Number of protein chains: 2
Amino acid sequence: MYERKIKEDLDCGIVAAMRVFGAKWKPCIIDAIGRGIKRPSELHRYLDTTSPRVIDMQLSELVDFGVVVKEVSPGFPLNVAYSLTPLGESILPVISALDHWGSRHKDQVKVLHERQLSRNRAKLVAG
Amino acid sequence: MYERKIKEDLDCGIVAAMRVFGAKWKPCIIDAIGRGIKRPSELHRYLDTTSPRVIDMQLSELVDFGVVVKEVSPGFPLNVAYSLTPLGESILPVISALDHWGSRHKDQVKVLHERQLSRNRAKLVAG
DNA sequence: TCAGATACCGAATAATTTTTCGGTATAGCC
DNA sequence: GGCTATACCGAAAAATTATTCGGTATCTGA
């Protein structure tokens, strides 16, 4: 929850899209909900490399942006579930494109990632 | 140029893709180069809501990741041009998907963006 | 030689995002 | 009442990313 000091050009489609689901974990959260993982505790377990707090925060931002809706059923234990709105559903193909690209190139990405790390380490030592 | 302290799960396609072109301006830069805007000074002018320094830095990261290549032609004035590699070309459809989604929904995004800003302002006043 | 254009880069700072930590609340079960 | 599970939230800290500022270097034509 921060108020941006820097204006973004939301007339640019790319910028607008990144504004809605360009955060570190938002695509993963939307993807997970799209796969039927809907309860907060399930999401916390499913995205176990992410702190639960971020998931909660980003979920509430996604609610603000009309990407997901929160439904509370009376029951035990407290039963909360998030679902995609039509707007959220419309993002799925885009995330799917991201996912396919990443899956297709992940080996290359891993190598280049390591290479960049070494380069930075070398720079740090040299500097 | 920072060494990440937090590991990312690059086996997740989404995470891998975001690693390569998930930064604030990278999709715009890749898109611009794809549209034929290739020289640094042109890019600086084209992406005029972005500081030239970020463009330079992100360009060099894109070079590191094999997304673009830098070509220097002897000539005047110093003639540098960046082009997409095959890997870079393969990202274009994904960015295009982002762009289409954003263009289709940008009016809604603008409204929701403003609404979120007001909400945050109200929170700040209340808190 | 000097101005002007191009292309960079380093370092400090500012802005933003992510994480950690610890707290609240509700409900059921023993 | 103590214990567990679920679901949150605030505030501070840490990590990351973006921006500003000022510098270097090359070339060319005036």
Side-chain angles (χ1 to χ4, degrees), chain A residues 1-9 15 18-19 21-29 38-45 47-64 70-82 113 116-117 119-120 123-124 126-127, chain B residues 1-9 15 18-29 37-45 47-64 68 70-82 116-117 119-120 123-124 126-127:
Chain A
M1 230 49 101
Y2 306 86
E3 168 141 4
R4 285 175 164 281
K5 304 234 166 68
I6 295 167
K7 295 273 171 59
E8 299 164 288
D9 176 16
V15 174
M18 294 294 280
R19 177 70 188 81
F21 55 93
K24 190 165 182 182
W25 300 108
K26 277 183 189 143
C28 298
I29 292 172
K38 307 194 152 196
R39 298 189 53 188
S41 52
E42 285 174 344
L43 286 164
H44 292 169
R45 275 190 292 272
L47 302 169
D48 68 340
T49 60
T50 314
S51 79
R53 186 72 177 104
V54 213
I55 297 175
D56 294 347
M57 285 191 303
Q58 301 207 344
L59 271 172
S60 90
E61 282 179 31
L62 290 172
V63 170
D64 286 355
K70 176 180 167 179
E71 291 148 306
V72 187
S73 331
F76 175 76
L78 249 178
N79 197 312
V80 176
Y82 291 89
H113 176 75
Q116 197 188 48
L117 286 185
R119 229 180 313 219
N120 291 350
K123 246 188 188 171
L124 283 176
Chain B
M1 230 53 98
Y2 307 86
E3 166 141 6
R4 286 176 164 281
K5 304 234 167 70
I6 294 167
K7 295 273 171 60
E8 299 164 288
D9 176 16
V15 173
M18 294 293 280
R19 178 70 189 82
V20 176
F21 56 94
K24 190 164 181 181
W25 300 107
K26 277 182 189 146
C28 298
I29 294 172
I37 296 151
K38 306 194 152 193
R39 298 190 50 190
S41 53
E42 286 175 342
L43 286 164
H44 293 169
R45 275 191 293 272
L47 301 169
D48 67 341
T49 59
T50 313
S51 79
R53 187 71 178 104
V54 210
I55 297 175
D56 294 348
M57 285 192 305
Q58 301 208 344
L59 271 171
S60 90
E61 283 180 29
L62 289 171
V63 170
D64 286 356
V68 303
K70 176 180 168 181
E71 289 148 308
V72 187
S73 332
F76 173 76
L78 247 177
N79 198 311
V80 176
Y82 292 88
Q116 197 188 47
L117 286 185
R119 228 180 312 219
N120 291 349
K123 246 187 187 171
L124 283 176

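A note on names: the letters A, B, ... follow the listed sequences, proteins ahead of strands, and every chain is numbered from 1. The structure presented is a predicted model; accordingly, all values stated were derived computationally and were not measured.
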It should be established whether [X] places a side-chain nitrogen or oxygen under 4.0 Å from OP1 or OP2 of nucleotide [N].
X	N	value
A:Gln58	C:dT18	yes
A:Trp25	C:dT17	no
A:Tyr82	D:dC8	yes

For atom [atom1] of [X] and atom [atom2] of [N], their distance in whole Å:
X	N	atom1	atom2	value
A:Lys24	C:dT16	NZ	C1'	13 Å
B:Met57	C:dA15	CE	P	16 Å
A:Phe21	C:dT17	CZ	C1'	18 Å
A:His113	D:dT16	NE2	P	11 Å
A:Arg45	D:dA7	CZ	P	9 Å
B:Lys38	C:dA7	NZ	P	14 Å
B:Asp56	C:dT6	CG	P	13 Å
A:Met18	D:dT17	CE	C1'	12 Å

So what does [X] hit on the nucleic acid, given a heavy-atom distance under 4.0 Å: a base, only sugar-phosphate, or nothing?
X	value
A:Ser41	sugar-phosphate
A:Lys70	sugar-phosphate
B:Glu42	nothing

For this session: Could you please name the option among C:dA7, D:dT19, D:dT6 that lies closest to any side-chain atom of B:Val80?
Result: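 Nearest to the side chain of B:Val80 among the choices is C:dA7.
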
For this session: Return yes if some donor-acceptor pair links the side-chain N/O of B:Gln58 with the main-chain N/O of B:Val54 below 3.5 Å, else return no.
Result: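 No: the side chain of B:Gln58 does not pair with the backbone of B:Val54.
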
For this session: To the nearest 0.5 Å, tell me how far A:Ile55 CD1 sits from A:His44 NE2.
Result: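 A:Ile55 atom CD1 to A:His44 atom NE2 measures 5.0 Å (nearest 0.5 Å).
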
Problem set entry | side-chain contact (heavy atoms from CB on, under 4.5 Å) against B:Thr49, all qualifying residues, sequence neighbours excluded |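 B:Trp25.
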
Problem set entry | Any side-chain heavy-atom pair of B:Gln116 and A:Glu61 under 4.5 Å |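 The answer is yes; the side chains approach within 4.5 Å.
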
Exercise. Considering residues at least two apart in sequence or located in another chain, which fulfil the side-chain hydrogen bond (donor to acceptor under 3.5 Å, both in side chains) criterion with A:Asp9?
Worked result: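 Listed in chain order: nothing, the list is empty.
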
For this session: Nearest-nucleotide wise, let me know which of B:Arg53 and B:Pro40 is further upstream toward the 5' end of DNA chain C.
Result: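 Closer to the 5' end of DNA chain C: B:Pro40.
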
